[in-house]
Amino acid sequence: MKKPFTIVVFTENKIGLLNRVTSTLIQRHINIESLTVSESEFPGIHRFTIVILEEEEKVQKVVKQIEKQVEILKAYYFSDEQTAFAEIALYKINSASVAKEEGLKSLILKHQLKELSKEGEFLILEKTGKKEETNQVFEELKPFGLLGFVRSGRVSLSKMIGSFSGHLQEFELHSKEIITKYN
Amino acid sequence: MKLVKEEVQDQLKKGQKPQRMTGAHAIIQSLLAESVDLIFGYPGGAIMPVYDALYDYQDVLKHVLTRHEQGAIHAAQGFARVGVKPGIVLATSGPGATNLITGLADAKIDSTPLVCITGQVGSQLLGTDAFQETDIISISMPVTKWNHQVTKAEEIPDAIAKAFHIATSGRPGPVLIDITKDAQFAELDFLYKKCKGFRSYIPIPKLKQESIDQAASLIDVAKKPLILFGQGVILSQAEQVFKKFVEKTGIPAAWTILGLSALPTEHPLNVGMLGMHGNYGPNKLTNEADLLIAIGMRFDDRVTGKLETYGKNAKVIHIEIDPAEINKNVFADVAVLADARDALLALLDKVSPNEHIEWHDQFKKHMALEVEKVISKELNPEKDGLTMGEVVKRVNDVTKGNGIVVTDVGQHQMIGCRYAKFSQSKSNVTSGGLGTMGFCLPAALGAKLARPDREVIAIIGDGGFQMTIQELGAIFQTKAAVKIIILNNQFLGMVRQWQQLFFDKRYSSTELVNPDFITIAKGFGIEGKTVSERSSLEADIARMFEHNGPYLLEVMVDKEDNVFPMVPTGACVSEVRLD
Ligand SMILES: Cc1ncc(C[n+]2csc(CCOP(=O)(O)OP(=O)(O)O)c2C)c(N)n1
């Protein structure tokens, strides 16, 4: 059965690697639900967070194919239960027409929306949370005349121990071993 | 300026401290530092500074001018497959670079080490649709093990050093470096340091002793084990220990077409070829085996047939260097992630001697049936028309298993792999994973240049020959003494066979009206002869080998012969058909 999985890839900071990762997914006809590229906790190492909807067996295989690429340090995959994750959504409404409406105020309170900007005639609201939550806000804001909507890719951190930093040390050790053994 | 050997060596010695030179010279110096002495290529605008620099190094760095960039890369593949060095290719930007794609894809899937250097438009023009600009980095991404664009002269030595390391280590593969023209012209302080590794690339996984112990215990209790060996045995230079392992355990060993020649074909424990047109016994008995020991092979679908029923009675040990191959197609009960040689060295001490006599008898019985139904008709035909198999047999009679056989793709390839005899490793060159028609002629040229001491026989179909026929020009110019045999059935034979068997004999666009190949060869200064009679075949083959230089022998074979045994696509290996 297809389920959402978060693939986390640690890479060197090099142009073109994103292309290699996505083309590995595309080759297996896997659609990317969301994608976030950012720095990681390690200097010079980037982190890709990719959400896909797939069967676990296929995810397992594609993650190995991603991980084997040169300059990719490590790739993991997690089910939703194994990670803490969120997305940010922004909503734009015409403040002039709705500012006085009580309904909007209570909506802002209820969903703990942040007023990101209220310059000029537009109000831009922010909601951080899971997709269902940001979708709910979307639905409830609709009657107020939604002029713009955008949602970021997922960011997530695994809830499990055994982290990438351990792997990183292992890599550095192992690649030294290889160098001495095979050169 | 033309440099002689001593001057170049002198320069290399001086290479300990930085020397001022152009990027183009740095490219050549880097290649020399990697012990390159032969490159294949084709010049053009964006790579001209490199070609200009090459002019100074003619005595130490030979350049083979093929007639097409596809020819250059296939030649480099042939060179790498039979020799000890990676193949090196030079090409210009745009069409020069895109013409490399088929060869890159072929080398990627068949794990062949190549370093390709393409010229690129000046860095200030990148992304502007400049003349002969193409985004070769993006285009080649899925068909290279690694690629990299260099826009500054000072990046050249490190990029090339990394390219060599990546191409040749672990599971080898093709890499491509795209170098902008301004980087070729600009000057740098050149200092070359070989790359020995870096943290984000683990070419060889760490061998786990438990996996060896588990494998050894499975091997020791197995009653009907079968070894499936692939190119990993050759790439890890494991032939010797592999042979010892096979002999100690007494386990029958069958090969993929890329593994062919890793174990002498006449070895008593060599039970033949796996897969679609493989031998009857290994296919049929895969499903009776209780243990499959896969070594340096990747369970390609042409080997496994229908996966659901593949090896259904067997446990599987998979010895493999590439973690992504484990459990990709066939589940491994024991995965030994390692260089095949390391794994076999570790296993050899652990396993107990055995003979498996009854199990072997089954292979012998199957072979007897295959000889009766297929092989004798192919090798000793009673009909008038010539068969492909008898030609290969005659070649064997001369080479005694010591030749290098390069095949193209199609019926003749399957017949070549099935019947050619090999007593040395690195002797069978064929496009396995990609099945690239047109591979053979240039690959044979490359193979001959890598191993001028050995006979190189190119066995090609009349279709595939015409895909890279222009490389007769490169063969003529280099005088490489390739012995070319066209097995001419006047059809795209393999496709015709499928049309006959699976499409009601509807021969849609597979019949070829061919030119006079001998006249064409003559135009290229290559001698040749057509043979269509059994009575002169032996003498004609002898003459081909005696001839000093390249030679073309066109053999007119029966038009509608089929290759058997055959596992129809999608069928189970044990459903292998003898007719
Ligand atoms: C570049 C390319 N195009 C098409 C094919 C499909 N194909 C596989 S075998 C074959 C026929 C080969 O005919 P020929 O070279 O005459 O060899 P034969 O099978 O007759 O020995 C074709 C067209 C291929 N493998 N490669």
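Here is the naming used below: chain letters follow the sequence lines, and residue numbers restart at 1 for every chain.
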**Student:** Side chain, backbone, both or neither: which part of B:Ile137 has a non-hydrogen atom closer than 4.5 Å to chain A?
**Tutor:** neither

**Student:** If you count heavy-atom pairs under 4.5 Å with chain B, which of A:Gln27, A:Glu172, A:Glu12, A:Gln69 comes out on top?
**Tutor:** A:Glu12

**Student:** Mind checking the CD1-CD1 spacing from B:Ile202 to A:Ile72? Nearest 0.5 Å is all I need.
**Tutor:**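 If we round to the nearest 0.5 Å, B:Ile202:CD1 and A:Ile72:CD1 are 13.5 Å apart.
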
**Student:** Taking all non-hydrogen atoms of both residues, which atom of A:Gly44 and which atom of B:Arg199 are closest, and how far apart?
**Tutor:**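 Answer, listing the atom of A:Gly44 first, then B:Arg199: O-NH2, 4.3 Å.
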
**Student:** What part of B:Asp342 lies closer than 4.5 angstrom to a heavy atom of chain A: side chain, backbone, both or neither?
**Tutor:** side chain

**Student:** Between B:Lys194, B:Gln149, B:Arg171, B:Lys145, who has the most heavy-atom pairs with chain A when the cutoff is under 4.5 Å?
**Tutor:** B:Lys145

**Student:** Between A:Ile45, A:Thr11, A:Thr24, who has the most heavy-atom pairs with chain B when the cutoff is under 4.5 Å?
**Tutor:** A:Ile45

**Student:** Quick check on A:Lys159: does its NZ atom have over 12 non-hydrogen neighbours (other residues, nucleotides or ligands) under 6.0 Å away?
**Tutor:** yes

**Student:** Could you tell me whether B:Gln209 atom CD has more than 12 heavy atoms of other residues or ligands within 6.0 Å of it?
**Tutor:**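 Enclosed: over 12 neighbouring heavy atoms sit under 6.0 Å from CD of B:Gln209.
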
**Student:** Is atom CD of B:Gln124 surrounded by more than 12 heavy atoms (other residues, nucleotides or ligands) closer than 6.0 Å?
**Tutor:**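 Yes.
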
**Student:** For B:Glu154, is the CD atom crowded, meaning more than 12 foreign heavy atoms sit under 6.0 Å from it?
**Tutor:**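 Atom CD in B:Glu154 is crowded, with more than 12 foreign heavy atoms closer than 6.0 Å.
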
**Student:** For B:Ser200 and A:Glu71, which I'm curious about, is there any donor-acceptor pair between the side chains at under 3.5 Å?
**Tutor:** no

**Student:** Counting only heavy atoms from other residues, nucleotides and ligands, does the tally under 6.0 Å from NZ of B:Lys306 exceed 12?
**Tutor:**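 No, the 6.0 Å shell around NZ holds no more than 12 heavy atoms from other groups.
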
**Student:** Please flag which part of B:Asn147 lies under 4.5 Å from any non-hydrogen atom of chain A: side chain, backbone, both or neither.
**Tutor:**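 For B:Asn147, the contact with chain A is made by backbone and side chain together.
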
**Student:** So, A:Arg20 side chain and B:Met141 main chain: donor-acceptor pair closer than 3.5 Å or not?
**Tutor:** yes

**Student:** Under 6.0 Å from the NZ atom of A:Lys118, do we count more than 12 heavy atoms belonging to anything else shown?
**Tutor:** no

**Student:** Tell me, for A:Lys74 versus chain B, whether the close heavy atoms (under 4.5 Å) come from the side chain, the backbone, both or neither.
**Tutor:**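 Contact with chain B: none, neither part.
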
**Student:** Evaluate the side chain to side chain contact (heavy atoms under 4.5 Å, CB included) criterion for residues B:Lys206 and A:Leu173: first the C-alpha distance (whole Å), next the side-chain angles of each, then the deciding distance (0.1 Å), finally the verdict.
**Tutor:** CA-CA 11 Å; B:Lys206 195 167 178 169; A:Leu173 256 172; over 6 Å; no

**Student:** For the residue pair A:Val70 and B:Phe198, establish whether any side-chain heavy-atom pair is separated by less than 4.5 Å.
**Tutor:** yes

**Student:** Let me confirm one number: the CH2-NZ distance from B:Trp146 to A:Lys14, rounded to the nearest 0.5 Å.
**Tutor:** 5.0 Å

**Student:** Apply salt bridge (Lys or Arg N to Asp or Glu O under 4.0 Å) to A:Lys64 and B:Glu325, showing your working.
**Tutor:** CA-CA 9 Å; A:Lys64 280 205 258 179; B:Glu325 294 297 347; over 6 Å; no

**Student:** Examine distances only and state if a side-chain atom of A:Lys61 and a backbone atom of B:Lys328 form a donor-acceptor pair shorter than 3.5 Å.
**Tutor:** yes

